Amino acid sequence: MDLLTANDRPGTYPDSYYAASAQHLDAFGSATGQLNCDVCVIGGGFTGLSTALHLAQRGYDVILLEAQRVGFGASGRNGGQVGAGQRVDQKELEKKLGNDHSRQLWDIARQSVQLVRDLSSSDKVHADFHDGILHTTHRKRDAALNQEHVDSLAEYGYDKVRVLNQEECRHLVNSSVYYGGTLDTEAGHIDPLEFALGLARLATNAGVRILEQSRVNHLTEGNPAQVKTANAKVSADYVVLGCNGYLGTLQKRVASKVMPINNYIIATEPMTPDEQENVIRNNYAVADSKFVVNYFRFSDDHRLLFGGTESYRYKFPPDIAAKVRKPLQDIFPQLNGIAIDYAWGGTLGITMNRMPHFERLSGNILSLSGFSGHGVAMATLSGQIAAETIAGQAERFDIMAKVPSHSFPGGTALRSPLLVLAMMWYSLRDKF
């Protein structure tokens with residue numbers, strides 16, 4: 001049993017709100033026989049689809065291999081928040097990496113949000129970009145950090161974020177558990193599965209050969225590299241791994257640094273527009289300051305999409321709705337008893353430092369993964385970066401790859417038990 005078979009029916013999207021409401025593509029065929037291409041992309045999520053699209057736009061012959069369906073994994077199951085900045089706060093990056101490198105990472109992060117905005121404007125992408133993310137503070141003593149955060153970004157010339165005091169925060173998010181926050185209007189939210197499907201439309205129109213139900217079971221370095229599935233062998237001048245939390249054991253060096261974890265989301269019954277405004281005003285998305293983040297926003301048909309809680313085993317819990325209902329009711333007791341129409345889980349990839357892991361595995365094999373819950377924007381941009389790197393412009397790839405990346409203690413065998421202990425400690429810290 002592994003992440004590709006433990007929780008889902010092969011070849012079928014999970015029973016999520018996104019899958020139920022999406023404008024789906026017809027299934028693509030699977031890989032068979034001997035195939036040849038300039039670049040073989042492994043993984044049909046944001047990273048892989050964006051890589052394939054941007055390579056095809058540069059004139060490369062691209063094959064994309066997806067083990068299930070495009071957007072099947074975390075790319076089609078996440079909270080849809082398009083966050084500004086990197087996953088790690090800029091001040092922390094400055095302390096660890098210095099001002100120059102941190103500024104470069106900030107610029108790249110802003111480019112990632114803009115790329116999602118640009119791509120979502122295509123008539124092939126049926127996902128509107130909605131402005132605004134609120135970052136709420138769950139501990140009173142941390143409220144002062146909001147001003148420090150805004151001041152630090154002002155040093156970068158960034159004026160799209162402002163501090164909210166407790167009263168202003170309560171006006172926008174009708175919950176008594178928060179002590180203030182910040183509002184970032186350059187960030188936003190989007191339907192992630194519709195966005196992934198839109199990228200697939202753009203990629204196929206550009207000439208990409210997308211092959212689904214084509215799980216890669218072996219990768220051999222060389223020139224050309226050899227990529228094998230159960231029924232096909234692909235020879236490629238370059239290979240790009242965009243597997244994130246679904247890498248498995250395909251590349252053990254990357255697997256030691258990018259760990260899969262599960263996160264869960266529910267979708268409530270639809271509310272009226274007035275009821276929606278009484279929960280979150282102005283259609284903003286929200287993410288709180290807990291280490292295991294609670295995040296929530298509304299769908300276009302006025303359902304509250306609420307994500308929270310994690311697990312570190314292969315299997316999802318038997319009752320996801322009950323698991324997520326608890327933090328939902330802690331934050332919004334007025335929604336006690338609201339019907340939950342959909343509940344689903346997804347597997348993402350995290351790193352020790354919560355920064356993306358970019359690595360050149362050999363001269364012609366790249367891996368880009370480990371987005372740590374910040375992947376809608378950064379994974380999409382990583383595909384553009386992979387494409388330009390193969391074309392000989394590696395500046396942005398090198399900036400990302402220069403961030404130190406460490407293996408999880410205990411390797412792939414012990415990392416899950418050790419992470420459970422660490423997360424228990426952080427959960428206790430969140431309560432005090």
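Keep in mind that this is a model prediction, so the values were computed, not measured.
For the side-chain contact (heavy atoms from CB on, under 4.5 Å) test with V41, the passing option among V208, V239, L366, V62 is V62; the others fail.
A distance of 12.5 Å separates CD1 in I340 from CD1 in I265, rounded to the nearest 0.5 Å. Rounding to the nearest 0.5 Å gives a distance of 6.5 Å between CG of N7 and CG of N262. Note that the CD atom of E395 and the CD1 atom of I108 stand 8.0 Å from one another [nearest 0.5 Å]. In this structure, the separation between CD on Q104 and CG on D107 is 8.0 Å, given to the nearest 0.5 Å. Atoms CG and CD1, from L250 and I42 in turn, are 5.5 Å apart once rounded to the nearest 0.5 Å. Note that CG of L368 and CZ of R360 are 10.0 Å apart. Values are rounded to the nearest 0.5 Å.
Comment: R77 engages D8 in a salt bridge, judged by a side-chain N to carboxylate O separation of less than 4.0 angstrom. Comment: R117 engages D131 in a salt bridge, judged by a side-chain N to carboxylate O separation of less than 4.0 angstrom. Remark: R303 does not engage E269 in a salt bridge, criterion side-chain N to carboxylate O under 4.0 Å. A salt bridge between D319 and R325 is absent, with no side-chain N of the basic residue lying under 4.0 Å from a carboxylate O of the acidic one.
Without hydrogens or angle criteria, S175 side chain to I331 main chain gives a donor-acceptor distance under 3.5 Å. Side-chain N or O atoms of S122 include one that pairs as donor or acceptor with a backbone N or O of K124 at under 3.5 Å. Formation of a donor-acceptor pair under 3.5 Å by the R297 side chain with backbone atoms of I190 is found in this model. Of the possible donor and acceptor atoms, one in the side chain of E168 sits under 3.5 Å from a partner among the backbone N and O of N165. Remark: the backbone N or O of P333 is not paired with any side-chain donor or acceptor of N336 at under 3.5 angstrom. Under a 3.5 Å cut-off, the side chain of H101 and the backbone N or O of I399 do form a donor-acceptor pair. With R69 contributing its side chain and E212 its backbone, the two residues share no donor-acceptor pair below 3.5 Å. Counting only distance, with no hydrogens or angles, the side chain of Y238 and the backbone of G363 share no donor-acceptor pair below 3.5 Å. Judged purely by atom type and a 3.5 angstrom limit, N263 uses its side chain to pair as donor or acceptor with the backbone of T309. Remark: the backbone N or O of S299 is not paired with any side-chain donor or acceptor of H130 at under 3.5 angstrom.
You'll find the side chain of L97 stays beyond 4.5 Å of the side chain of K402, heavy atoms only. You'll find the side chain of I280 reaches within 4.5 Å of the side chain of F298, heavy atoms only. Between F316 and Y264, some side-chain heavy-atom pair lies under the 4.5 Å cut-off. Looking at L134 and Y178, their side chains never come closer than 4.5 Å, going by heavy atoms from C-beta outward. Inter-residue side-chain proximity for I350 and L348 is flagged as met; some heavy-atom pair is nearer than 4.5 Å. Taking the side chain as every heavy atom from C-beta outward, H357 and V254 approach each other to under 4.5 Å. Counting only heavy atoms from C-beta outward, the side chains of F371 and F46 never approach each other to under 4.5 Å. Within the 4.5 Å cutoff, the side chain of R396 has no heavy atoms near those of the M400 side chain.
By the 30° and 60° cut-offs, the orientation of the rings of F72 relative to Y246 is perpendicular. Ring geometry for H24 versus Y13: interplanar angle of 30 to 60°, hence tilted.
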Practice problem: Please step through salt bridge (charged side-chain N to carboxylate O under 4.0 Å, His left out) for the pair R201 and D123, ending with a clear verdict. | Solution: CA-CA 10 Å; R201 290 187 193 95; D123 60 2; over 6 Å; no
Exercise. Could you go through the side chain to side chain contact (heavy atoms under 4.5 Å, CB included) check for C40 and L65 one step at a time?
Key: CA-CA 7 Å; C40 180; L65 301 175; 3.7 Å; yes
Quiz prompt | Test log, rule side chain to side chain contact (heavy atoms under 4.5 Å, CB included), inputs D341 and T268 | solution = CA-CA 5 Å; D341 287 350; T268 69; over 6 Å; no
Self-check item: F296 vs V279, side chain to side chain contact (heavy atoms under 4.5 Å, CB included): CA-CA, chis, key distance, verdict
Solution: CA-CA 11 Å; F296 38 95; V279 178; over 6 Å; no
Quiz item: Hey, mind stepping through Q57 and L53 against side chain to side chain contact (heavy atoms under 4.5 Å, CB included) and telling me if it holds?
Solution: CA-CA 6 Å; Q57 289 175 337; L53 167 63; 3.5 Å; yes
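Defined by atom type and a distance below 3.5 Å, a donor-acceptor pair is missing between the side-chain atoms of T272 and D274. Judged by distance alone, the side chains of S382 and T47 do bring a donor and an acceptor atom under 3.5 Å apart. Q68 and R215 share no side-chain donor-acceptor pair at under 3.5 Å. For the residue pair Q86 / R354, no side-chain donor-acceptor distance below 3.5 Å is found, with atom types taken as modelled. Inspection of the Y18 and E194 side chains reveals no N or O donor paired with an N or O acceptor under 3.5 Å. Counting only N and O atoms by type, the side chains of H302 and Q276 include a donor and acceptor under 3.5 Å apart. Side-chain contact check for N294 and H138: no donor-acceptor pair (N or O, by modelled atom type) lies under 3.5 Å. Side-chain contact annotation: Y295 with N78, donor-acceptor N/O pair under 3.5 Å absent. Between the side chains of D100 and S102, not a single donor N or O lies within less than 3.5 Å of an accepting N or O. Side-chain atoms of S289 and D142 include no donor-acceptor pair closer than 3.5 Å. Remark: the R170 side chain and the N174 side chain contain an N/O donor-acceptor pair separated by less than 3.5 Å. Residues Q114 and D118 have side chains that bring a donor and an acceptor to within less than 3.5 angstrom of each other.
More than 12 heavy atoms of other residues, nucleotides or ligands shown are found within 6.0 angstrom of CG on D301. In D151, the CG atom is crowded: over 12 heavy atoms of neighbouring residues, nucleotides or ligands sit closer than 6.0 Å.
Remark: A144 pairs with no residue by the side chain to side chain contact (heavy atoms under 4.5 Å, CB included) rule, at least two apart or across chains. Residues satisfying the side chain to side chain contact (heavy atoms under 4.5 Å, CB included) test with K160, not counting sequence neighbours, are Y158, D184, T185, E186. Remark: K91 engages E94, E155 in a side chain to side chain donor-acceptor pair (under 3.5 Å) (not counting sequence neighbours).
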